[in-house]
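I have placed the structure first, in the form of structure tokens, so that the comments after it can refer back to it.
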Amino acid sequence: MMPKAGKLGLLGLAALFGTAIYAGWHQPAAQPPRAPEATPNYFAFVPSMLGTRPDGQLSQSEVDQLVLSPELVYLFDYYLAALGEKPLQAIHSEIRHELERRLHGKAIQQAQRLLDVYIDYKRALAGVEAQLAASRTQSGDPVKAARLRLQALRQTRAAYFSPAESAALFGASDAYDEDAIARMAISSDRKLSEAEKQQRWQALDAALTPEQRIERAAPTRVLALEQAVAQARQRGADDNEIYRLRASTFTPAAADRLAELDKEEADWQRRISSYQARRRALLDSTGSTAEALQQLRDASFSPAEQLRLSAYEQ
């Protein structure tokens with residue numbers, strides 16, 4: 001769907017959950033549809049997931065024991081990102097169904113138990129967020145705030161997961177966050193010269209595992225690719241040439257998804273242009289009301305999409 005939430009680190013994930021979490025926990029229960037097993041899924045659980053695949057590559061041992069890894073969190077977060085489009089109970093049910101589709105035997109029950117624990121953990125984080133926001137305001141120090149956030153996440157997590165579960169599910173994201181905080185601290189240290197900062201960053205780079213190096217290089221590869229795509233479009237490249245360029249850098253599957261994102265972005269811009277023109281006409285007409293403007297929004301965008309409209313209504 002997007003870059004895997006777990007790989008973004010929980011520093012970003014807690015914020016991603018943000019405002020939707022408070023409304024999501026208290027929405028009325030609803031029976032979710034069973035998502036087809038098409039790959040990619042063109043009959044998605046929610047519209048924003050159209051054409052995507054659920055994150056998370058789950059596995060189990062020969063004796064039906066669930067293999068714990070961050071992939072389980074990726075799967076949970078893929079569906080929990082639908083808060084605001086679906087009530088929490090519907091999302092919970094859909095994840096349970098997905099676990100039943102992917103696993104068998106004891107591994108299903110083990111994964112479903114962890115799902116329940118993970119949702120309870122997220123509820124707890126909703127309260128922690130308010131405290132973290134207050135501490136950020138008081139300190140004014142982004143490095144200190146990031147450290148406090150990571151510490152709070154770990155302390156909260158310890159009440160829900162065993163040490164082994166925490167290490168398997170969140171160890172990679174914690175390592176990512178620790179590295180990011182260390183780099184922030186170097187960048188903001190005014191006592192260090194530019195050469196000293198470079199030396200310390202290089203020391204952090206040397207300490208990365210091969211997997212972490214690949215992860216850190218991924219955004220740069222994406223940026224370089226999209227710059228090449230922009231230059232190719234300026235030369236008049238068609239969609240087939242753009243697809244081949246992307247597939248040569250990543251995979252055909254990734255190229256497919258990027259092509260789909262191009263279409264989605266073009267459709268979004270078309271809808272926004274139409275909406276802005278109709279909105280201006282309403283505002284220029286006499287007797288336009290807040291109710292009329294809301295009717296225009298409802299006719300053009302889903303509730304989730306409307307959260308993005310403020311940026312286009314200036």
Side-chain contact, heavy-atom cut-off 4.5 Å: [X] with [Y]?
{"X": "Phe170", "Y": "Leu153", "value": "no"}
{"X": "Phe45", "Y": "Ile91", "value": "yes"}
{"X": "Asp55", "Y": "Glu71", "value": "no"}
{"X": "Gln65", "Y": "Gln60", "value": "no"}
{"X": "Val67", "Y": "Leu72", "value": "no"}
{"X": "Val229", "Y": "Glu226", "value": "yes"}
{"X": "Arg96", "Y": "Ser93", "value": "no"}
{"X": "Ile186", "Y": "Leu204", "value": "yes"}

Keeping the roles fixed (side chain from [X], backbone from [Y]), state whether a donor-acceptor pair exists under 3.5 Å.
{"X": "Ser300", "Y": "Arg297", "answer": "no"}
{"X": "Arg278", "Y": "Ser273", "answer": "no"}
{"X": "Gln231", "Y": "Ala228", "answer": "no"}

Any idea which heavy atoms bring [X] and [Y] closest together, and the distance?
{"X": "Gln269", "Y": "Tyr312", "answer": "NE2-OH, 4.4 Å"}
{"X": "Val143", "Y": "Asp141", "answer": "N-OD1, 3.0 Å"}
{"X": "Arg213", "Y": "Ala206", "answer": "NH2-O, 3.2 Å"}
{"X": "Arg183", "Y": "Leu208", "answer": "NH2-CD1, 3.9 Å"}
{"X": "Met184", "Y": "Pro142", "answer": "CE-O, 3.7 Å"}
{"X": "Pro54", "Y": "Leu75", "answer": "CB-CD1, 4.0 Å"}

*Flag yes if more than 12 heavy atoms outside Glu291 fall under 6.0 Å of its CD atom; otherwise flag no.*
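It does not: Glu291 CD has 12 such atoms or fewer within range.
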*May I ask you to check whether over 12 heavy atoms, not counting those of Asp189, lie within 6.0 Å of atom CG?*
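Correct, the count exceeds 12.
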How long is the gap from [atom1] on [X] to [atom2] on [Y], to the nearest 0.5 Å?
{"X": "Gln89", "Y": "Ile119", "atom1": "CD", "atom2": "CD1", "value": "8.0 Å"}
{"X": "Arg154", "Y": "Asp174", "atom1": "CZ", "atom2": "CG", "value": "4.0 Å"}
{"X": "Ile108", "Y": "Asp64", "atom1": "CD1", "atom2": "CG", "value": "8.5 Å"}
{"X": "His97", "Y": "Glu94", "atom1": "NE2", "atom2": "CD", "value": "6.0 Å"}
{"X": "His92", "Y": "Leu115", "atom1": "NE2", "atom2": "CG", "value": "4.5 Å"}
{"X": "Ile242", "Y": "Leu258", "atom1": "CD1", "atom2": "CG", "value": "11.0 Å"}

Carboxylate-amine/guanidinium proximity below 4.0 Å for [X] and [Y]:
{"X": "Glu98", "Y": "Arg101", "value": "yes"}
{"X": "Asp120", "Y": "Arg123", "value": "yes"}
{"X": "Arg246", "Y": "Asp262", "value": "yes"}
{"X": "Arg113", "Y": "Glu165", "value": "yes"}
{"X": "Glu265", "Y": "Arg270", "value": "no"}

*Passes side chain to side chain donor-acceptor pair (under 3.5 Å), Glu313 versus Gln276? Steps please.*
CA-CA 7 Å; Glu313 294 179 339; Gln276 289 174 324; over 6 Å; no
_Between Ile181 and Trp201, is there shared hydrophobic-cluster membership here, with clusters defined by ILVMFWY side-chain heavy atoms closer than 4.5 Å?_
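In one cluster with Ile181: Trp201, no.
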*Step by step, work out the side-chain contact (heavy atoms from CB on, under 4.5 Å) result for Arg233 and Asp239.*
CA-CA 9 Å; Arg233 290 195 189 282; Asp239 289 343; 3.9 Å; yes
*Are Tyr121 and Phe161 close enough that their ring centers fall under 6.0 Å?*
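Close enough - the centres of the two rings lie under 6.0 Å apart.
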*Ring centroid separation Trp268 to Phe301 under 6.0 Å*: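 Judged by ring-centre distance (under 6.0 Å), Trp268 and Phe301 do meet the cut-off.
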*Could you check Glu264 against Leu261 for side-chain contact (heavy atoms from CB on, under 4.5 Å), going step by step and ending with a plain yes or no?*
CA-CA 5 Å; Glu264 291 172 4; Leu261 288 174; 3.4 Å; yes
*asked:* Checking Glu260 against Asp256 for the side-chain contact (heavy atoms from CB on, under 4.5 Å) test, could you report, in this order, the C-alpha distance in whole Å, the side-chain angles of both residues, the deciding distance, and whether it holds?
replied: CA-CA 6 Å; Glu260 184 65 28; Asp256 285 338; over 6 Å; no
*Does the pair Asp267 and Arg271 meet the rule for a salt bridge (charged side-chain N to carboxylate O under 4.0 Å, His left out), with working shown?*
CA-CA 6 Å; Asp267 179 65; Arg271 291 163 62 202; 3.7 Å; yes
*Of Phe76, Tyr79, Tyr160, Tyr74, which is the lone residue that meets ring pair (Phe, Tyr, Trp, His ring centres under 6.0 Å) with Tyr118?*
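Passing option: Phe76.
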*asked:* Does Glu241 form a side-chain contact (heavy atoms from CB on, under 4.5 Å) with Arg235? I'd like the steps, not just the answer.
replied: CA-CA 11 Å; Glu241 185 176 344; Arg235 297 195 306 268; 4.0 Å; yes
*Take Ser48 and Glu85 through the test side chain to side chain donor-acceptor pair (under 3.5 Å) and record every step on the way to the result.*
CA-CA 9 Å; Ser48 64; Glu85 294 181 84; 2.5 Å; yes
*Between Gln306 and Gln294: side-chain donor-acceptor atoms closer than 3.5 Å*: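 Yes, because at least one side-chain N or O of Gln306 sits under 3.5 Å from a partner of the opposite role on Gln294.
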